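Whatever order the structure lists ligands and atoms in, that order sets their numbers, starting from 1. Just so it is clear, the model here is predicted, and its values are computed rather than measured.
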Amino acid sequence: MSRLTLIALHTSPYAARLTIQILHKGLDVETKFPAEGISQAEHGAMNPFARTPILLHGPDQIIESAAIAEYLEDLHPEPGMRGQSLMETARIRAFVRAVDLDLFPLIYTLRSLNTGDPAITPLLAELHQVLGKLEALMDGDGHVCGDQLSMADCALLPACFYLDFFLGRLQQESWRPQHDVLGNWWRVMIQNTSVATVIAGLNEAVEQRR
Ligand SMILES: N[C@@H](CCC(=O)N[C@@H](CS)C(=O)NCC(=O)O)C(=O)O
């Protein structure tokens, strides 16, 4: 089977979710990190949207982290990260969609604000609502779904890392006191070696960019 190569940015939450999956499954995937600031010329041939992550497999390329994650599961089903039943698989996919469609836009807005911006207060109100809705979808025993690390946990972990980072930068309270389910989930997740490694890598990457 030809080698798998992941084109990724050190700071990317999308690459980070895939790296947790790759480490947890023990996959032999080479990761290449292009310089920050993706050039259309460099990646346009592989992804017309010139975004990473991109998975290279032989002559083929796959774009979009959700599609890449599913491809890795299809290629290497063990340990499974799509739940133990069809219903759990559907719930995990739905959760990843909710993280991407409902949480990430708020994180991008948070990233764009400066300390003291009046837009922070209404944004935080919306953020806490969305976090509460995500909690309502979680099983609440330290995993998003079931009792094993899944693609849903992988998607949420870098998002929460960036929430910590941007809230800290804006000198705002942590999200944790208002979200016990998520706080407990994070404490369980960070015990996982693959998770801890990737979160430490994100931390190092953002510190280097400061
Ligand atoms: N929906 C995409 C999002 C990927 C994405 O936004 N990647 C960022 C890096 S974190 C990127 O390549 N940005 C460059 C650009 O949009 O030009 C996925 O899930 O893979």
Side-chain angles (χ1 to χ4, degrees), residues 4-25 27 29-57 60-76 81-82 89-113 123 127 130 134 137 144-145 149-169 194-195 197-210:
L4 292 163
T5 303
L6 186 69
I7 313 277
L9 296 184
H10 288 289
T11 51
S12 168
Y14 304 100
R17 65 176 73 169
L18 295 174
T19 308
I20 297 171
Q21 184 184 12
I22 287 165
L23 292 180
H24 186 67
K25 294 173 93 66
L27 303 183
V29 178
E30 181 189 11
T31 305
K32 288 189 178 163
F33 297 99
E36 293 271 340
I38 299 170
S39 80
Q40 192 75 38
E42 205 177 340
H43 293 120
M46 292 185 276
N47 178 357
F49 295 101
R51 283 196 297 256
T52 60
I54 303 168
L55 185 75
L56 310 181
H57 194 189
D60 298 311
Q61 301 94 32
I62 305 171
I63 63 168
E64 288 297 323
S65 58
I68 296 170
E70 296 279 358
Y71 186 68
L72 294 176
E73 286 301 308
D74 289 337
L75 270 186
H76 299 284
M81 298 179 73
R82 281 191 294 216
T89 303
R91 283 185 52 208
I92 287 164
R93 287 177 175 149
F95 194 90
V96 173
R97 292 277 290 162
V99 168
D100 283 344
L101 296 176
D102 296 291
L103 182 56
F104 265 94
L106 301 183
I107 295 175
Y108 284 126
T109 309
L110 206 55
R111 180 178 69 172
S112 71
L113 299 178
L123 181 66
L127 176 66
V130 168
L134 291 174
L137 294 173
V144 169
C145 181
L149 187 73
S150 74
M151 286 165 24
D153 299 299
C154 294
L156 185 57
L157 280 156
C160 287
F161 167 82
Y162 272 109
L163 275 186
D164 283 332
F165 180 72
F166 293 130
L167 289 175
R169 196 166 75 176
S194 307
V195 171
T197 302
V198 171
I199 295 298
L202 274 181
N203 200 41
E204 200 177 313
V206 296
E207 288 301 329
Q208 274 177 11
R209 263 176 77 167
R210 269 190 208 257

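Taking CZ of Phe104 as the start and CZ of Arg111 as the end, the distance is 10.0 Å to the nearest 0.5 Å. Distance check, rounded to the nearest 0.5 Å: CG of Asp153 to CZ of Phe95 gives 8.0 Å. To the nearest 0.5 Å, the span separating CG on Leu4 from CG on Leu56 amounts to 9.0 Å. A distance of 5.5 Å separates CD1 of Ile199 from CD1 of Ile20, quoted to the nearest 0.5 Å. To the nearest 0.5 angstrom, Leu163 atom CG is 4.5 Å from Ile107 atom CD1.
Close N/O approach between Ser12 and ligand 1 is not found [any backbone or side-chain N/O within under 3.5 Å]. At least one N or O atom of Ser65, backbone or side chain, sits closer than 3.5 Å to an N or O atom of ligand 1. Every N/O-N/O distance between Arg51 and ligand 1 stays at or above 3.5 Å.
Under a 4.0 Å criterion applied to the non-hydrogen atoms of Pro53, ligand 1 contributes the atoms 20 (O).
In this structure, of Ile62, Ile68, Thr52, the residue bringing a heavy atom nearest to atom 8 (C) of ligand 1 is Thr52. Among Ala67, Pro34, Ala50, Ala155, the residue whose heavy atom lies closest to atom 17 (O) of ligand 1 is Ala50.
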